[in-house]
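First the structure, in the form of structure tokens, and then the observations on it.
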Amino acid sequence: MAITTDLSGKTAVITGSNSGIGLGIAWELARAGADVVLNSFTDSEDDHALAKEIAETCGVTATYIKADMSKGEECRALVAQAGACDILINNAGIQHVAPIDEFPIAKWDAIISINLSSAFHTTAAALPLMRKAGWGRVINVASAHGLTASPFKSAYVAAKHGIIGLTKTTALETAGQSITANAICPGYVLTPLVEAQIPDQMKTHNMDRDTVVREVMLARQPSREFATVEQLGGTAVFLCSDAGAQITGTAISVDGGWTAM
Ligand code: NAD
């Protein structure tokens with residue numbers, strides 16, 4: 001039988017999806033036919049407008065649900081409110097950079113809860129729905145920092161390594177149930193947030209755009225090219241397709257060779 005990437009009739013819940021990678025994944029899943037539920041902790045007109053734009057462009061149902069991924073009950077309520085969750089993308093994440101002995105405790109707690117514990121809560125809420133539907137895909141957006149470390153990013157590196165462990169356990173607990181669980185590990189991705197850093201970096205290093213991107217920002221990414229949010233979305237669509245049915249418990253790098261070094 002031919003492999004299909006048609007996701008019509010599936011509902012995808014994407015945490016932290018009013019910008020960046022989460023939004024890019026939402027667009028690609030919707031382009032593949034999935035209904036999508038967007039999320040963040042805000043509740044602005046712009047948030048709801050994003051859902052409307054996706055719905056109108058892709059001809060799918062798209063809604064926006066406010067839920068704070070630092071709070072376990074709200075993570076679980078997001079899935080309950082979505083009503084269906086065939087595809088769960090755990091993407092919400094924050095960063096803080098400081099040496100361990102100066103790392104603010106509140107920042108450590110926030111990173112562990114948003115980048116790691118939220119995925120435990122949403123997965124716990126989604127698996128019964130997936131088992132009932134007889135099909136499911138859990139995709140955790142980890143990072144190259146889920147496989148390798150950098151100084152001053154203790155909480156982020158710990159959370160991203162942790163989410164790869166959670167991914168493997170989820171895969172084992174769902175094996176043989178037409179449910180898969182995988183992590184995607186991006187290197188440096190060109191999101192609006194990263195794009196906004198480029199002018200400052202050019203000024204600091206007195207370099208033109210191409211040089212600062214290649215020599216400074218992408219120093220650890222051998223391709224010396226950013227990954228794009230569309231490529232991350234395409235990777236998610238691939239994992240959701242029939243081709244991904246036996247891919248489970250893996251950590252797929254989209255990092256231009258970063259973790260090959
Ligand atoms: P981003 O800041 O554009 O997106 C983060 C998303 O999470 C936003 O939608 C934000 O609103 C949401 N969020 C933050 N706190 C939240 C909370 N408490 N509750 C609900 N939502 C919350 O950044 P991004 O680069 O798109 O990052 C998305 C994911 O990709 C993160 O997990 C990040 O660690 C990971 N990642 C990013 C890169 C990169 O280069 N941009 C590389 C590797 C991994």
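Everything numeric in this text was worked out from a predicted model, so none of it was measured.
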> Step by step, would you call H121 with V79 a side-chain contact (heavy atoms from CB on, under 4.5 Å)?
Replying inline: CA-CA 9 Å; H121 292 295; V79 174; over 6 Å; no

>> One pair to check against side-chain contact (heavy atoms from CB on, under 4.5 Å): V216 and M207. What are the steps and the verdict?
In response: CA-CA 10 Å; V216 179; M207 289 174 175; 3.9 Å; yes

> Hey, mind stepping through T4 and D242 against side chain to side chain donor-acceptor pair (under 3.5 Å) and telling me if it holds?
Replying inline: CA-CA 6 Å; T4 175; D242 290 347; 5.2 Å; no

> What do the steps show when you test C240 against I139 for side-chain contact (heavy atoms from CB on, under 4.5 Å), and what is the final call?
Replying inline: CA-CA 9 Å; C240 291; I139 299 175; 3.9 Å; yes

>> One pair to check against side-chain contact (heavy atoms from CB on, under 4.5 Å): R131 and T174. What are the steps and the verdict?
In response: CA-CA 9 Å; R131 289 192 176 112; T174 56; 3.9 Å; yes

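Between the CG atom in L88 and the OG1 atom in T15 there is a gap of 7.0 Å [rounded to 0.5 Å]. Taken from CD1 in I14 to CD1 in I25, the straight-line distance is 8.0 Å, to the nearest 0.5 Å. To the nearest 0.5 Å, atom CG of residue L193 and atom CD of residue Q95 are 11.0 Å apart. For the atom pair OG1 (T122) and CG (L127), the distance works out to 9.0 Å, reported to the nearest 0.5 Å. With rounding to the nearest 0.5 Å, the separation of CD1 in I252 from CZ in F238 is 6.0 Å. For the atom pair CD of E225 and CD of Q231, the computed distance is 8.5 Å after rounding to the nearest 0.5 Å.
Residues D46 and S44 bring no donor and acceptor atom of their side chains to less than 3.5 Å of each other. Checking T57 against R31 by side-chain atom types alone, no donor-acceptor pair falls below 3.5 Å.
Ionic pairing of R76 and E73 is not present here: no N-O contact between side-chain nitrogen and carboxylate oxygen is shorter than 4.0 angstrom. Under a 4.0 Å N-O distance rule, the pair E195/R209 qualifies as a salt bridge.
Put simply, V237 and W27 are part of the same group of oily side chains (I, L, V, M, F, W, Y) that touch within less than 4.5 Å, one to the next. A single hydrophobic cluster is seen to contain both V213 and M202, as judged by linkage of ILVMFWY side chains at heavy-atom distances under 4.5 Å, directly or through other members. No continuous path of hydrophobic side-chain contacts links I163 to V157 [ILVMFWY only; heavy atoms under 4.5 Å]. Hydrophobic clustering, with ILVMFWY side chains joined whenever heavy atoms are under 4.5 angstrom apart, keeps V13 apart from V60. Under the 4.5 Å side-chain heavy-atom criterion for ILVMFWY residues, no single connected hydrophobic cluster contains both V229 and Y188.
Listed here is the closest heavy atom pair of A144 and D255: CB-OD2, 4.4 Å. Of all heavy-atom pairs spanning A12 and L29, the tightest one is CB-CD1, 3.8 Å. Closest approach of A251 to L147, counting heavy atoms only: CB-CD2, 4.3 Å. The two residues S154 and I100 make their nearest non-hydrogen contact at CB-CG1, 3.8 Å. Here the closest heavy-atom approach between residue A227 and residue Q221 is recorded as N-NE2, 3.9 Å. In this structure, D6 and A32 approach most closely via the heavy-atom pair OD1-O, 3.5 Å.
The main-chain N or O of A142 is never found under 3.5 Å from a side-chain atom of N140 such that the two would form a donor-acceptor pair. A donor-acceptor pair is defined here as one N or O able to donate and one able to accept, closer than 3.5 Å; no such pair exists between the side chain of E230 and the backbone of G24. Judged by distance alone, the side chain of N91 and the main-chain N or O of V141 form no donor-acceptor pair under 3.5 Å. For N39 (side chain) and A67 (main-chain N/O), a donor-acceptor pair under 3.5 Å exists by modelled atom type. When atom types are taken as modelled, the side chain of T11 and the backbone of A84 share no donor-acceptor pair closer than 3.5 angstrom. D208 places no side-chain N or O within donor-acceptor distance of the main-chain N or O of V212, the cut-off being under 3.5 Å. With E74 contributing its side chain and M69 its backbone, the two residues share no donor-acceptor pair below 3.5 Å. Formation of a donor-acceptor pair under 3.5 Å by the T123 side chain with backbone atoms of A119 is found in this model. With R224 contributing its side chain and R214 its backbone, the two residues share a donor-acceptor pair below 3.5 Å. Side chain of T191 to backbone of I21: no donor-acceptor contact under 3.5 angstrom is found.
Inter-residue side-chain proximity for D200 and Q197 is flagged as unmet; no heavy-atom pair is nearer than 4.5 Å. Counting heavy atoms from C-beta on, the side chains of I54 and L38 come closer than 4.5 Å. Within the 4.5 Å cutoff, the side chain of V189 has heavy atoms near those of the L232 side chain. The shortest distance between side-chain heavy atoms of D86 and R137 does not fall below 4.5 Å. The side-chain heavy atoms of H48 and D43, taken from C-beta on, include a pair separated by under 4.5 Å. Contact annotation: the side chain of I164 approaches that of C185 to within less than 4.5 Å [non-hydrogen atoms, C-beta and beyond]. The closest side-chain heavy-atom distance from W135 to M130 is not below 4.5 Å. Taking 4.5 Å as the limit, some side-chain heavy atom of L218 sits within range of a side-chain heavy atom of F226.
The ring pair (Phe, Tyr, Trp, His ring centres under 6.0 Å) search around F103 returns H96, not counting sequence neighbours.
Around the CD1 atom of I105, the shell of radius 6.0 Å holds no more than 12 heavy atoms that belong to other residues, nucleotides or ligands. Around atom CG of N206, no more than 12 heavy atoms belonging to other residues, nucleotides or ligands sit under 6.0 Å away.
Here ring-ring contact (aromatic ring centres under 6.0 Å, His included) pairs that include residues 149-177, with residues two or more places apart or in two chains, are H145-Y156.
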